[in-house]
Amino acid sequence: MRTGGTGADDVIGERRQLINVAYRLLGSVTEAEDAVQDAYARWYGLSRSRQREIVSPGAWLTTVTGRICLDLLGSARARRERYVGAWLPEPLPDRAEWRHGGEADPVDQIVLDESVTMAFLVVLESMTPAERVAFVLHDVFRYPFAEIAGVLGRTPAACKQLAASARRRVADAPAPGPAAGQGDVVRRVKEAWEAKDIAGLLGLLDPDAVMTADGGGMAGAVLRPVEGGARIAPYMVAIADKAPGLELLERTVNGTPGLVARRGGAVVTVASFEVSDGRVTRIWVVRNPEKLRPWPQAS
């Protein structure tokens, strides 16, 4: 892990890295912020003499943040068993779209790259907590296994095995198509959806496509995944019929082309897509209002 100074500015300067690590580990901006705040609280709870003994505050803060996230991931499994319907990671808007809550707004510090796409975060959800921590810290952030061992409380060799197991999960997941054509496909989905064109949607959806929705019991959403393009297309049109006045917008979601639905200026739905060979293979729909807080109101 990185070394750094021990001054206040150096310690605060680690926040961006910690937020990026925690969001990828937890899939939640709110929980990531809480985990990082907890880590800083523990740092400032140390005596000045103890702080001076720590060669790398950044490494110390990352270790503590990783342990906090590991604990949260363990308890999250029990919480998600009680969650209403499917649980999806919190979607992130493009940097220019973020609704800022202040200079230290956590979402303003998250780097949007391939490790935060909805498809990637969903694969991370399939991992055990220890696999996820080992994989994210090593494969995404390039931390050595000797340091990861301090987070997981295991040997470096065991951490290496965990990362390898997680890597196999990633390899077994369907490979997304090239990002270049995704925007055009999403645009055509929007047009067909607005026109309530079932035939047009069928042409854009893979026959084995899957739609997963997250309403969290706070917004209407199908509780189980809708499987097959032949079922998804009429379902999408039925939603349009039941929700007049929705404004559909093309927006970047977690760094890739997606759609946002607004009603009365407020974002009520965010949809992410996975596209392969010119067709949509996966749709992730987030409607839980608690997960849409970073999204802006209409100006």
Side-chain angles (χ1 to χ4, degrees), residues 27 80 83-91 114-127 166-216 219-244 246-261 268-288 291:
R80 288 171 193 172
Y83 195 81
V84 179
W87 188 97
L88 291 174
E90 291 182 14
E114 64 277 3
S115 68
V116 294
T117 64
M118 190 62 69
F120 191 79
L121 292 176
V122 168
V123 174
L124 292 180
E125 284 294 312
S126 71
M127 301 177 184
R167 213 172 289 125
R168 287 193 292 271
R169 294 181 188 265
V170 174
D172 290 341
Q182 182 166 329
D184 180 61
V185 174
V186 171
R187 182 175 305 111
R188 290 158 61 198
V189 168
K190 172 183 178 290
E191 293 169 352
W193 198 349
E194 289 176 324
K196 302 179 185 178
D197 180 2
I198 292 180
L201 288 170
L202 284 172
L204 293 166
L205 295 168
D206 186 274
D208 296 321
V210 179
M211 171 189 282
T212 304
D214 178 350
V222 62
L223 298 180
R224 297 181 181 277
V226 181
E227 299 182 354
R231 295 183 62 196
I232 295 172
Y235 179 78
M236 292 173 68
V237 171
I239 291 174
D241 285 335
K242 294 178 180 179
L246 279 185
E247 179 187 17
L248 276 181
L249 304 169
E250 295 177 53
R251 290 291 185 267
T252 296
V253 181
N254 286 64
T256 61
L259 294 177
V260 168
V268 295
T269 303
V270 172
S272 305
F273 298 83
E274 187 174 80
V275 176
S276 181
D277 296 327
R279 283 189 162 189
V280 174
T281 55
R282 292 295 303 264
I283 306 175
W284 297 282
V285 180
V286 177
R287 303 204 68 237
N288 184 339
K291 297 185 178 184

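These numbers come from a predicted model, not from an experiment. Count residues from 1 along the sequence.
- Residues T269 and V285 form a side-chain contact, since some pair of their non-hydrogen atoms from C-beta on lies under 4.5 Å apart.
- Between D214 and R287 there is no salt bridge, since none of the side-chain N atoms of the basic residue sits less than 4.0 Å from a carboxylate O of the acidic one.
- A salt bridge does not link D172 to R168: none of the charged nitrogens lies less than 4.0 Å from a carboxylate oxygen.
- A 4.5 Å side-chain heavy-atom check between T281 and D208 finds every atom pair outside the cut-off.
- Evaluated for a side-chain contact (heavy atoms from CB on, under 4.5 Å) with V260, the options V270, L248, T252, V268 yield exactly one hit, V270.
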What pairs of donor and acceptor atoms, side-chain ones from residues 195-205 against any protein atom, are under 3.5 angstrom apart with sequence neighbours left out?
from	atom 1	to	atom 2	distance (Å)
K196	NZ	D241	OD1	2.7
D197	OD1	A199	N	3.3
D197	OD1	G200	N	2.9

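- You'll find the side chain of T117 stays beyond 4.5 Å of the side chain of E274, heavy atoms only.
- Nearest heavy atoms, E250 versus G183: OE1-O, 4.5 Å.
- When side chains are defined from C-beta on, V122 counts as touching M118, because their heavy atoms get closer than 4.5 Å.
- The CE atom of M211 sits 7.5 Å away from atom CZ of F273, with the distance rounded to the nearest 0.5 Å.
- Atoms CG and OG, from L124 and S115 in turn, are 8.5 Å apart once rounded to the nearest 0.5 Å.
- Smallest separation of non-hydrogen atoms from V286 and P89: CG2-O, 3.9 Å.
- W284 CH2 to T212 OG1: the interatomic distance, rounded to the nearest 0.5 Å, is 8.0 Å.
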Donor-acceptor pairs under 3.5 Å, side chain of residues 225-240 to any protein atom, not counting sequence neighbours: which ones?
none

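- In this structure, CZ on R187 lies 11.5 Å from CD on Q182, to the nearest 0.5 angstrom.
- Summarising the geometry, atom OG belonging to S272 is positioned 14.5 Å from atom CZ belonging to R251; distances are rounded to the nearest 0.5 Å.
- Rounding to the nearest 0.5 Å gives a distance of 9.0 Å between CD1 of I283 and CG of L259.
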